[in-house]
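Have a look at the structure below before the remarks.
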Amino acid sequence: MCGILGLMANSMVNQAVYDALTVQQHRGQDAAGMMTWDEGRFLLRKSNGLVRDVFHTRHMTRLKGHLGIGHVRYPTAGSASEAESQPFYVNSPYGIALVHNGNLTNSDQLVEELFNADLRHINTSSDSEVLLNVFAHELGKQGHHLGAEDIFDAVRRVHRRCRGGYAAVSIINGKGLVAFRDPYGIRPVVFGKRDTAEGPEYMIASESVALDVAGFEMIRDLAPGEALYIDLDRNLHTQRCAEQTRLAPCIFEYVYLSRPDSILDGANVYATRMRMGQKLAEKVHRDWPDNDIDVVIPIPDTSRTAALEMALHLDVPYREGFMKNRYIGRTFIMPGQTQRKKSVRQKLNAIDIEFNGKNVLLVDDSIVRGTTCNEIIQMAREAGAKNVYFASAAPAVRYPNVYGIDMPVAMELIAYDRSVDEVCQLIGADRLIYQDLDDLKAAVSEVNPALTEFDCSVFDGRYITGDIDPDYLARLELARSDDAKQQSSGEHALVDLHNDVEEVE
């Protein structure tokens, strides 16, 4: 996952883009970038690190313009090199910059097409650069005078060529701001408006929380296959550009990825997590009616909402048993197993009085590699817990994600080819309770009944784009394993292309 942002305003956008990126920082802690447009000039700053570390006063003062895009990233199949950070830019045609969240499942094929047929060179291993060049090539077919219909025609051809899950925001030099979403609506993107005395302003973001913080009124989500174009006169144009569409958003956005104060595809994330806790409690009542749970304790932060609802419906106390160091990043996206394991102890510390002599039910949003929950269960035992039970608000994660989430390869998933009892033994719990997939779907659908289909591929192995086969998953395994990432990071360790603000003409 990544966080994307686009803004067209009546004043300098640099600070507003910065602020909106900080509230989407949870979507990517590896790198950050911003590009503004000022009277025919593109100004770029991007680097590895958190938003607050990438942008300093000297950068902000040079990022001029009333139009800008921004990005926070963590790497998927690509490397963690600074050269892979976004935005990306091409000068032909027009001058185009782009930020992207997701993953193109036919990226390798597109790279060959771009080189052999479109005469375009891809300089990184990022599929975001691929998407930008496909979009640029299709725009180039429309000629010099580019209008809304020309842009929508180009996006229509992008959808025909590109497969996978993607949401993108782009600046076209001298034309305006463009955004588009894949035909299945897998990756999220919303847009909103703010009225000022000088005229309307528009913001596009991965999550609605970015609009809230900036004072924009959310208009809606982009529909599957829809494109949005805002010209320099602040006229808003939208059109459905994909020939066949259906809404099937990634359900893991509701489980873990998104902030609870966001609304995605009409479903309040906080409300969906409440229902996840209710469904888990119902499962405990159904399958374990004589349970001896003394206390419910969340593993902060994402599981708090589900854990509180679970405690209420089980009629047992809810307690905060772990204190979190907020300066440690999200462990499941860290690049190495040793680093993830070490960071758990740095990230959390147990409060002994909440564990001593009690049968404790720990609640987490999901179990991916099992590293975090194994360490936390051990911490609970060291704090004096009599029995440690573990509940996951999500079903067992058994398959890799191919649509833009850096899930490990199958062999690195603790639940891959294992039963619940086997996973329970491996993580060291006395009992393990997984959410049922039908209950997870219901938890979201009950918040917005219009959502009837989801991408649940990490749980059921069904890839809704229909183009994923064993050969693709084998190639993905080579690119995404911990060993591959560490090797890739080493190869690119000396790359440093963006120490300061670049001016691109």
Side-chain angles (χ1 to χ4, degrees), residues 1 165 184-188 246-258 264-288 299 302-303 305-307 309-310 313 332 361-370 373 389-405 407-408 410 412-424 426-427 429 431-466 468 473:
M1 69 189 180
Y184 295 88
I186 299 171
R187 300 265 64 88
R246 72 181 202 252
L247 181 59
C250 173
I251 204 165
F252 211 70
E253 289 280 354
Y254 300 97
V255 171
Y256 175 80
L257 301 182
S258 298
L264 301 180
D265 290 305
N268 182 290
V269 176
Y270 179 80
T272 65
R273 290 177 185 169
M274 288 178 64
R275 281 167 172 76
M276 291 175 204
Q278 296 168 12
K279 302 290 184 186
L280 269 176
E282 291 169 3
K283 182 172 183 178
V284 171
H285 281 309
R286 183 174 65 248
D287 297 347
W288 191 19
I299 297 172
T302 321
S303 62
T305 307
E309 283 299 302
M310 196 174 183
H313 284 75
F332 107 94
L361 176 62
L362 301 180
V363 181
D364 206 353
D365 52 78
S366 58
I367 304 171
V368 182
R369 293 178 175 89
C373 57
Y389 310 125
F390 203 94
S392 167
V397 178
R398 302 185 188 278
Y399 305 93
N401 183 278
V402 302
Y403 301 125
I405 305 175
M407 288 289 183
E412 294 174 358
L413 297 168
I414 194 169
Y416 173 72
D417 204 26
R418 292 190 178 101
S419 67
V420 174
D421 288 341
E422 288 172 331
V423 176
C424 182
L426 282 172
I427 65 174
R431 188 175 186 121
L432 174 60
I433 304 137
Y434 275 117
Q435 185 86 266
D436 291 336
L437 182 54
D438 286 343
D439 284 343
L440 177 60
K441 294 177 182 178
V444 182
S445 295
E446 288 171 8
V447 177
N448 180 12
L451 293 174
T452 59
E453 186 178 8
F454 304 93
D455 166 48
C456 302
S457 53
V458 297
F459 306 122
D460 60 13
R462 295 176 57 212
Y463 298 98
I464 60 173
T465 53
I468 306 303
L473 295 176

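Nothing here was measured: the structure is a model prediction, and the numbers come from that model.
Checked for salt-bridge contact, E309 and R273 miss the test: no charged N lies under 4.0 Å from a carboxylate O. For the pair R431 and D287, the salt-bridge criterion is not met [side-chain N within less than 4.0 Å of a carboxylate O].
Looking at N268, its side chain does come within 3.5 Å of a backbone N or O of Y270 through a donor-acceptor pair. Under the 3.5 Å distance criterion, the side-chain polar atoms of H285 are matched with a main-chain donor or acceptor of H313. Here the side chain of K279 pairs no donor or acceptor atom with the backbone of A393 at under 3.5 angstrom. Looking at Y184, its side chain never comes within 3.5 Å of a backbone N or O of D455 through a donor-acceptor pair. At distances below 3.5 Å, at least one donor-acceptor pair connects side-chain atoms of S303 with backbone N or O atoms of V363. A donor-acceptor pair is defined here as one N or O able to donate and one able to accept, closer than 3.5 Å; no such pair exists between the side chain of R187 and the backbone of G165.
In this structure, the side chains of I433 and V284 come closer than 4.5 Å at one or more pairs of heavy atoms. At least one side-chain heavy atom of C456 sits less than 4.5 Å from a side-chain heavy atom of L437. Side-chain contact between S457 and Y403 is present, with heavy atoms from C-beta onward closer than 4.5 Å. Between Q435 and V255, the closest side-chain pair of non-hydrogen atoms is not below 4.5 Å. For the pair F454/P249, a side-chain contact is recorded, criterion being any heavy-atom separation below 4.5 Å from C-beta on.
The distance from the OG1 atom of T305 to the CE atom of M274 is 8.0 Å, given to the nearest 0.5 Å. Going from atom CZ of R418 over to atom CZ of R398 covers 10.5 Å, rounded to the nearest 0.5 Å. Here the CD atom belonging to E422 is positioned 10.5 Å from the CD1 atom belonging to I414, to the nearest 0.5 angstrom. Atom CZ of F459 and atom NZ of K441 lie 10.5 Å apart (nearest 0.5 Å). Here the straight-line distance linking atom OH of Y434 with atom CG of L280 works out to 12.0 Å at 0.5 Å rounding. In this structure, C373 SG and L362 CG are separated by 9.5 Å, a value rounded to the nearest 0.5 Å.
Here the shortest heavy-atom pairing between Y256 and D365 reads CD1-OD1, 3.3 Å. Nearest heavy atom pair, residue S392 against residue I367, reads OG-N, 4.0 Å. Across all their heavy atoms, I464 and A248 have their closest contact at CD1-CB, 3.5 Å. Of all the heavy atoms in P400 and L413, the pair that sits closest is N-CD1, 4.0 Å. Taking each heavy atom of L264 and S258 in turn, the nearest pair found is CD1-OG, 2.9 Å.
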| request: Applying side-chain contact (heavy atoms from CB on, under 4.5 Å), run through N401 and F252 and close with a yes or a no. | output: CA-CA 10 Å; N401 183 278; F252 211 70; over 6 Å; no
**Q.** Evaluation steps, side-chain contact (heavy atoms from CB on, under 4.5 Å), between L440 and M276
**A.** CA-CA 6 Å; L440 177 60; M276 291 175 204; 3.7 Å; yes
- Any chance you could lay out the side-chain contact (heavy atoms from CB on, under 4.5 Å) test for E253 and D265, step after step, and finish with the verdict? CA-CA 11 Å; E253 289 280 354; D265 290 305; over 6 Å; no
So L451 and Y254, side-chain contact (heavy atoms from CB on, under 4.5 Å) or not? Walk me through it. CA-CA 12 Å; L451 293 174; Y254 300 97; 3.7 Å; yes
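Between W288 and Y389, the ring planes lie perpendicular to each other; the angle is over 60°, past the 30° to 60° tilted range.
Here R275 pairs with A271, Q278, A443, E446, V447 under the side chain to side chain contact (heavy atoms under 4.5 Å, CB included) rule; sequence neighbours left out. Checked against side chain to side chain contact (heavy atoms under 4.5 Å, CB included), C424 has the following partners two or more places apart in sequence or in another chain: A429, L432. Listed by chain and number, the residues in a salt bridge (Lys or Arg N to Asp or Glu O under 4.0 Å) with D439 amount to none (sequence neighbours excluded).
Side-chain contact of S419 with D421: a donor-acceptor pair under 3.5 Å is absent, judged by distance alone.
Other residues, nucleotides and ligands place more than 12 heavy atoms under 6.0 Å from the CZ atom of R246.
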